[in-house]
2 protein chains.
Amino acid sequence: MKFEAVTIKDIAKALGLSTSTVSRALRDSYEISPETKNLVLEYAKQINYRPNPIALSLKEKRSRSIGVVVSEIANSFFSQAINGIESIAYSKGYHVIITQSLENYEREVMNMQFLSSRSIDGCILSVSTETEDFAHITDLYDRNLPIVCFDRIIENIDTHKVIVDNFKGAYDATDHLAKNGFKKIAILANSEFLSITKERLAGYKKALEDNNIKVDEKYIKACPHGGMIYEEVDEAMDELFKMKQKPDAIFASADKLTTNCMRYCKAHNINIPEDMAVIGFSNLDLTELLSPSLSVVRQPAFEMGRIAAELLIKMIESKRPETEFENIVLPAELFVRESSARKVKK
Amino acid sequence: MKFEAVTIKDIAKALGLSTSTVSRALRDSYEISPETKNLVLEYAKQINYRPNPIALSLKEKRSRSIGVVVSEIANSFFSQAINGIESIAYSKGYHVIITQSLENYEREVMNMQFLSSRSIDGCILSVSTETEDFAHITDLYDRNLPIVCFDRIIENIDTHKVIVDNFKGAYDATDHLAKNGFKKIAILANSEFLSITKERLAGYKKALEDNNIKVDEKYIKACPHGGMIYEEVDEAMDELFKMKQKPDAIFASADKLTTNCMRYCKAHNINIPEDMAVIGFSNLDLTELLSPSLSVVRQPAFEMGRIAAELLIKMIESKRPETEFENIVLPAELFVRESSARKVKK
DNA sequence: CACGATGTCGGGAACGATTGCGTAAAAAAA
DNA sequence: TTTTTTTACGCAATCGTTCCCGACATCGTG
C-alpha cells in the first residue's frame with residue numbers, strides 16, 4: 001500500500017496538453033499563453049498537485065536538503081545548535097535531516113553513508129568521541145560533498161569550521177576556580193581524539209600555570225565517551241576520591257561529564273562546593289535549578305548552528321569550489337553560580 | 001559544485017556491458033554468469049559504487065525512510081522516544097528523518113508536507129499544541145500514507161496509536177499529593193486541544209474527588225504552548241499566587257511546564273515543598289539533581305518509540321491496507337522525591 | 001504573394017536504476 | 001545433423017520532471 005501522488009502527466013492528460021506544456025505553465029514560462037497557464041495553474045491547485053522532489057533531485061542532482069551528524073540530540077548543546085541550523089536552513093529553502101551517532105563510530109559511518117547516498121547537498125558534522133579514523137569523511141569530502149565542521153572539528157579536511165574558544169573557555173573556568181581559592185583542581189576530560197579535548201585541556205593547564213599551580217597529571221581523567229556512559233565518570237570520580245591528595249574542585253569539560261559528575265556527588269553525599277567545587281562546560285538550561293545551582297562555561301550553540309548552516313549553504317550554492325575557508329571562533333561565556341563558590345577555610 | 005557519484009552506466013561502459021547486465025550482476029541474478037558477476041562486483045567495489053537511492057525511490061515509489069514529527073527534540077521525552085524509534089528503524093533497514101514543529105502549527109504543516117513529498121514510507125507523529133485543524137494529517141492519511149500517532153494522538157484518523165496511561169499517571173500524581181496532606185492542588189495544564197491534556201485533567205479531577213477534594217476550576221491553569229513559552233507559565237503562576245486561597249501543591253502536567261514552574265519558584269523564592277509542593281509529568285533525567293529533587297510521573301518514552309516504529313513498519317510492509325488498529329497504552333510510573341514531601345503542619 | 005518573425009505547443013531525451021521481453025550463441029536432446 | 005533447451009546478455013520502457021528542438025499557425029512586411 002502506497003500513496004499515489006498527482007503527477008504532471010495526470011494534468012496533461014486531463015487537459016489535453018503535453019507534459020512539457022504543463023511543466024512550463026507551472027514554471028511560468030514565457031512560451032506559454034496566459035490562458036493555458038491559468039488553465040493549468042487552476043487545475044493543478046484544484047487537484048492539489050505537488051511536484052515530486054525525488055524526480056527533481058534525480059534530474060538536478062541536488063535535493064535542497066542538508067544532513068546533520070551529531071553525537072546525541074538529547075544533549076542540550078546539540079539540540080540548541082540544531083535549532084540554529086534549522087532556522088537558517090528553512091529560511092533558505094533547505095530541509096534538515098538529523099542523525100545521531102550516540103558516540104559510536106560505526107553509527108557515524110552509517111549515518112554519513114546514508115546522508116550522502118540520499119543525495120544531501122551538504123553536511124554539518126560534529127564527530128563522535130570514538131572517531132579516530134576519518135576516511136568516511138574525507139572520502140565524501142574528496143568527492144566534493146560540501147561539509148562544515150562544528151564543535152568537534154577535524155584537521156583532515158580543509159573546510160569551514162565553527163567552534164567556540166575552547167581554550168579560553170576552559171581557561172576562564174579553571175582560573176575562576178583558582179581565584180576562588182581552589183588549588184587542587186581536577187578535570188574530567190573528554191575523549192582524547194577530540195579537538196575540543198585538546199583545546200580545553202590546554203586552557204586548563206595554562207590557567208593553572210598562570211595561577212602558580214602545578215599541573216598534576218593524576219588530576220586529569222579522560223572519559224572516552226564524553227560521560228555518555230555513567231560508569232566511566234563513576235570510575236574517574238572514584239579514582240579522584242581515592243587519592244591521598246583529593247582534589248577540592250572539578251572542571252567537568254563536557255555536558256554529560258558535568259551532569260554525571262553531579263550525579264556522582266549526590267550519590268556519594270559529597271557536598272558541592274564545600275567538599276568539592278564543580279564547574280561545567282555545559283549548555284544545560286536547568287543550571288539554576290540544580291542543587292546547588294551550577295556554574296558553567298556556556299557555548300553560543302544556536303549561533304554556532306546558524307553560522308555553520310550559513311557557511312554550508314554558501315558552499316553548496318557557490319559555482320566553483322571554494323578555496324578560502326573560514327575558521328569561526330566564538331566566545332564561550334562563564335556563568336558563576338553556587339557550585340563554584342569561594343572556598344571557605346575550614 | 002556537486003559531487004558526482006559513480007553510476008551503473010559508468011560500470012557498464014568501462015566493462016563493455018549493458019546497464020541491465022550490470023544491474024543484474026549487482027543484484028546477484030541467476031541470469032548472469034559467475035565470471036561476469038565477479039568482474040562487475042570487483043570493479044564496483046574498486047570504484048566504490050553506491051546505488052543511487054533517489055533513482056530507486058523514483059522507480060519503486062518507496063524510500064525506506066520514515067518521518068518523525070515531534071514538537072521539540074530538546075524535550076527529554078521526545079528525544080528518548082526518538083532513540084526508541086531509531087533503534088527499531090535501523091534494525092529493519094529504515095532511516096529516520098526527524099523534524100520538529102516547536103509547537104507551531106504552520107511548521108507542523110510544513111514538516112508534514114516536506115516529509116510526504118520526500119516520499120517517506122510512513123510517519124510517526126505527535127501533534128503540536130497549536131494544532132486544532134487536522135486536515136494536513138487526514139489528507140495524507142487518506143492518500144494512504146501510513147501514520148502512527150503517539151503521545152499526543154488525534155481522533156480524526158483511524159490508525160495505530162501509542163500512548164501512556166495519562167489518566168492513571170495524572171491520577172497517581174494527584175492522589176500522591178492528596179495522600180501527603182495537600183488539599184489545595186493546582187494543575188498546570190497543557191493546550192486544551194491535546195488528547196493528553198484531556199486525559200490528564202480527567203485523572204487529576206478523579207483523584208481529587210476520590211480524596212474528597214472539591215475540584216476548583218480556578219486551580220486549573222492552561223498553558224497553550226505547553227510551557228514552551230516561559231511567560232505563559234509565569235502568568236499562570238502569578239495568578240495562582242494572587243489568589244486568596246493559594247494552592248499548596250502544583251501538578252505540572254508536562255515537561256516544560258514542570259521546569260518552568262520550578263524556575264518560577266526559584267525566582268520568587270518559593271520554597272518547595274514547604275510553601276508549595278510540586279510534582280511533574282516529565283521525563284527529565286536530571287530530576288534527582290534538582291533542588292529539591294523532583295517527584296515525577298515518568299513515561300516509558302523509549303519503549304513508546306520502539307512500539308510506534310514497529311507498528312508503522314508493519315503497516316508499511318503489509319500488502320493490503322490494515323483494518324485492525326492497535327491502541328497501545330503503557331503505564332506511567334510515579335517517582336516520589338523531595339518536591340512532594342509530606343506536608344508539615346505549620 | 002512570399003518570406004521571416006513571433007507566439008504556442010508537442011516530441012523526445014535525459015537523470016539512475018530495475019525488469020519484462022527478445023535473442024543470439026552454446027549446450028543438450030532428438 | 002537437426003531441433004530444442006538453456007545460458008547469458010541487450011533493448012527499451014518506466015518512474016516524474018525539465019528542457020532542447022522542431023513544428024506548426026498567425027502576423028507583419030517588402
Side-chain angles (χ1 to χ4, degrees), chain A residues 2-41 43-44 47-65 116-121 143-144, chain B residues 2-41 43-44 47-65 113-114 116-121 143-144:
Chain A
K2 57 193 55 160
F3 95 122
E4 308 286 344
V6 180
T7 78
I8 225 169
K9 281 186 195 170
D10 300 330
I11 302 181
K13 201 173 296 172
L15 265 41
L17 293 169
S18 75
T19 58
S20 353
T21 305
V22 175
S23 171
R24 272 184 274 253
L26 291 170
R27 310 211 127 234
D28 201 27
S29 160
Y30 70 97
E31 294 186 89
I32 306 298
S33 71
E35 301 87 61
T36 313
K37 255 183 215 174
N38 276 330
L39 188 69
V40 172
L41 252 31
Y43 185 71
I47 62 171
N48 195 31
Y49 166 79
R50 308 263 162 210
N52 181 332
I54 298 244
L56 279 176
S57 294
L58 179 60
K59 190 138 184 51
E60 298 181 1
K61 299 195 176 193
R62 65 182 309 216
S63 56
R64 291 198 80 80
S65 61
S116 71
S117 72
R118 291 292 298 177
S119 291
I120 51 160
D121 298 337
R143 289 198 285 152
N144 290 328
Chain B
K2 54 193 58 160
F3 99 121
E4 308 286 345
V6 180
T7 78
I8 222 167
K9 282 187 194 169
D10 301 328
I11 302 181
K13 201 173 295 171
L15 265 42
L17 293 168
S18 76
T19 58
S20 1
T21 305
V22 175
S23 171
R24 273 185 269 253
L26 291 170
R27 308 211 125 235
D28 200 29
S29 161
Y30 69 97
E31 294 187 88
I32 305 300
S33 71
E35 302 88 62
T36 314
K37 254 183 218 172
N38 275 329
L39 189 68
V40 171
L41 253 31
Y43 185 71
I47 62 172
N48 194 32
Y49 165 80
R50 307 266 161 208
N52 180 334
I54 299 243
L56 278 176
S57 294
L58 180 60
K59 184 138 183 57
E60 298 181 0
K61 300 195 175 190
R62 65 179 309 210
S63 57
R64 291 198 79 82
S65 61
Q113 285 292 354
F114 165 66
S116 71
S117 70
R118 292 290 298 177
S119 290
I120 51 159
D121 298 338
R143 289 198 284 152
N144 289 329

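Reckoned from all heavy atoms, side chains included, excluding hydrogens, waters and symmetry mates. In the text below, chain A, chain B and the rest are named by the order of the sequence lines, each starting its count at 1.
- Taking CG of B/Asp121 as the reference point, atom OG of B/Ser63 lies at 4.0 Å (rounded to 0.5 Å).
- A/Lys13 places its NZ atom 10 Å from the P atom of D/dG16, with the value rounded to the nearest Å.
- Rounded to 10 degrees, the angle between the two end axes of the helix from C/dC1-D/dG30 to C/dA30-D/dT1 is 70°, with five pairs used at each end.
- Set against C/dT18, C/dG16, D/dT17, the side chain of A/Ala55 has D/dT17 as its closest nucleotide.
- Rounded to an integer number of Å, the gap from CD of B/Glu60 to P of D/dG16 is 13 Å.
- Distance check, rounded to the nearest 0.5 Å: OG1 of B/Thr36 to CG of B/Leu39 gives 7.0 Å.
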Quick one: do A/Arg143 and B/Asn48 satisfy side chain to side chain contact (heavy atoms under 4.5 Å, CB included)? Show the steps, please.
CA-CA 11 Å; A/Arg143 289 198 285 152; B/Asn48 194 32; 3.7 Å; yes
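- Sorted by first then second residue, the salt bridge (Lys or Arg N to Asp or Glu O under 4.0 Å) pairs that include residues 30-41 of chain B, not counting sequence neighbours, are B/Arg24-B/Glu31, B/Asp28-B/Lys37.
- In this structure, NZ of A/Lys61 is placed 21 Å from P of D/dG16, rounded to the nearest angstrom.
- A/Asp10 has its CG atom 8 Å from the P atom of D/dG16, to the nearest Å.
- Nearest heavy atoms, A/Leu58 versus B/Leu58: CD2-CD2, 3.2 Å.
- A/Arg27 meets the side-chain hydrogen bond (donor to acceptor under 3.5 Å, both in side chains) test with no other residue; sequence neighbours excluded.
- In this structure, A/Asn52 and A/Ile54 approach most closely via the heavy-atom pair OD1-N, 2.7 Å.
- Between A/Tyr49 and A/Val6, the shortest heavy-atom distance links the atoms CD1-O, 3.5 Å.
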Please table the atom pairs, donor to acceptor, closer than 3.5 Å between any side-chain atom in residues 14-23 of chain B and protein atoms at least two apart or in another chain.
unit_1	atom_1	unit_2	atom_2	d
B/Ser18	OG	B/Ser20	N	3.4
B/Ser18	OG	B/Ser20	OG	3.2
B/Ser18	OG	B/Thr21	N	3.2
B/Ser18	OG	B/Thr21	OG1	3.0

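- Between B/Ala25 and B/Ile32, the closest heavy-atom pair is N-CG1, 3.9 Å.
- Look at CG on A/Leu56: it is 15 Å from C1' on C/dG16, rounded to the nearest Å.
- Residue pairs meeting the salt bridge (Lys or Arg N to Asp or Glu O under 4.0 Å) criterion with at least one member in residues 50-59 of chain A: none, sequence neighbours excluded.
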Tabulate atom names and distances for all N/O pairs under 3.5 angstrom spanning the protein and nucleotides 23-28 of chain D.
none

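- Evaluation of the side-chain hydrogen bond (donor to acceptor under 3.5 Å, both in side chains) rule for A/Ser57 yields no partner, not counting sequence neighbours.
- From B/Arg64, atom CZ reaches atom CG of B/Leu56 across 11.0 Å, with rounding to the nearest 0.5 Å.
- Side-chain atoms of B/Lys59 stay outside donor-acceptor range of the base of C/dA17, with no qualifying N/O pair under 3.5 Å.
- Contact between the side-chain N/O atoms of A/Lys9 and the OP1/OP2 oxygens of D/dC15 is found at a separation under 4.0 Å.
- The line from CG of B/Leu26 to OH of B/Tyr43 is 12.5 Å long, rounded to the nearest 0.5 Å.
- For a distance-only test at 3.5 Å, the side chain of B/Arg24 qualifies as a donor-acceptor partner of the base of C/dG20.
- Within residues 15-23 of chain B, the residues that have a heavy atom under 4.0 Å from DNA chain D are, in order of number, B/Gly16, B/Leu17, B/Ser18, B/Ser20, B/Thr21.
- Minimum atom distance to the side chain of B/Asn52 is reached by C/dA17, of the listed C/dA17, C/dT19, D/dT18.
- Proximity of residues 25-40 of chain B to DNA chain D (heavy atom under 4.0 angstrom from any strand atom) is restricted to B/Glu31, B/Ile32, B/Ser33, B/Thr36.
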